[in-house]
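This report concerns only the one structure given below.
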Amino acid sequence: DSGVTQTPKHLITATGQRVTLRCSPRSGDLSVYWYQQSLDQGLQFLIQYYNGEERAKGNILERFSAQQFPDLHSELNLSSLELGDSALYFCASSVGLAGGVRYNEQFFGPGTRLTVL
Amino acid sequence: AQTVTQSQPEMSVQEAETVTLSCTYDTSESNYYLFWYKQPPSRQMILVIRQEAYKQQNATENRFSVNFQKAAKSFSLKISDSQLGDTAMYFCAFDRLNTGNQFYFGTGTSLTVIP
């Protein structure tokens with residue numbers, strides 16, 4: 001157990017709909033990352049937040065958005081869903097900088113499997 | 001742009017034997033981190049080992065060790081005494097220590113340990 005939680009575990013929805021995926025990082029971790037893993041593919045970085053601020057953006061579609069709240073949990077919003085959005089969505093967290101030392105291992109949650117029908 | 005290449009889509013190894021998974025990367029950075037993650041059938045991403053580019057000594061974690069060749073931009077993972085529980089997808093990841101530290105992942109190597 002990495003200490004990162006994601007809800008829900010599974011989500012089945014229809015094309016055109018909107019869903020929200022939730023992530024709670026490990027206690028003390030300030031950075032949250034979102035990744036998409038399509039079937040039999042590697043992980044594609046979507047977006048990173050650090051202590052509430054967007055820090056880095058990858059290949060995230062305009063239909064997708066994310067935010068990190070004051071309690072450091074994060075939500076990934078996916079709208080106008082298409083069949084191709086079906087994937088496993090991972091959240092990861094890391095400490096970032098602590099005491100001047102960089103701790104950058106990313107610890108992954110169990111993922112949310114999204115199926116768009 | 002950073003790229004990570006895993007040229008072995010699938011590999012197999014007999015239980016108790018040793019296997020090496022390859023990873024190469026392309027970067028102009030001088031300092032960075034490299035990781036190997038394991039993804040078993042449960043789909044959980046599990047950190048196996050990390051290597052800091054400024055350290056010449058190869059990292060080891062129990063049965064897992066790396067061969068880090070900075071000049072060749074190569075970062076292979078050696079699994080000794082393979083166990084059935086090692087059956088998984090293995091992903092190589094690169095962190096170039098920019099403002100954010102997004103990881104660049106390879107496409108993975110599917111390893112099967114044969115009893």
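Everything numeric in this text was worked out from a predicted model, so none of it was measured. Convention: sequence-line order gives letters A, B, ...; per-chain numbering from 1.
- Highest contact tally toward chain B, considering only A:G109, A:S2, A:G111, is held by A:G109 [criterion: heavy-atom pairs under 4.5 Å].
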**Item:** Candidate pair B:M45 and A:L43, rule side-chain contact (heavy atoms from CB on, under 4.5 Å), full reasoning
**Value:** CA-CA 10 Å; B:M45 292 289 287; A:L43 278 74; 3.9 Å; yes
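- Neither the backbone nor the side chain of A:Y49 comes within contact range of chain B; no heavy atom of the residue lies under 4.5 Å from a heavy atom of that chain.
- Checking side-chain atoms of B:Q44 against main-chain N and O of A:D1 turns up no donor-acceptor pair under 3.5 Å.
- A continuous path of Ile, Leu, Val, Met, Phe, Trp and Tyr side chains, each step under 4.5 Å between heavy atoms, connects B:V66 with B:Y32, placing both in one hydrophobic cluster.
- Counting heavy atoms of neighbouring residues, nucleotides and ligands inside a 6.0 Å radius, atom CG of A:N59 does not exceed 12 of them.
- Summarising the geometry, atom CD belonging to A:Q106 is positioned 7.5 Å from atom CZ belonging to B:F35; distances are rounded to the nearest 0.5 Å.
- Residue-environment remark: NZ (B:K73) exceeds the threshold of 12 foreign heavy atoms within 6.0 Å.
- With a 4.5 Å cut-off on non-hydrogen atoms, B:Q39 touches chain A through its side chain but not through its backbone.
- Both B:L21 and B:Y104 belong to a common hydrophobic cluster when Ile, Leu, Val, Met, Phe, Trp and Tyr are linked at side-chain heavy-atom distances under 4.5 angstrom.
- Of all the listed residues (A:Q44, A:Q37, A:R113, A:E54), the one sharing the greatest number of non-hydrogen pairs under 4.5 Å with chain B is A:Q37.
- By the rule that hydrophobic residues join a cluster once side-chain heavy atoms approach within less than 4.5 Å of another member, A:V4 and A:L88 end up as members of separate clusters.
- A:L11 and A:L46 fall within a single hydrophobic cluster, where Ile, Leu, Val, Met, Phe, Trp and Tyr are joined by side-chain heavy atoms under 4.5 Å apart, directly or via other members.
- A donor-acceptor pair under 3.5 Å is formed between the side chain of A:Y35 and the backbone N or O of B:F103.
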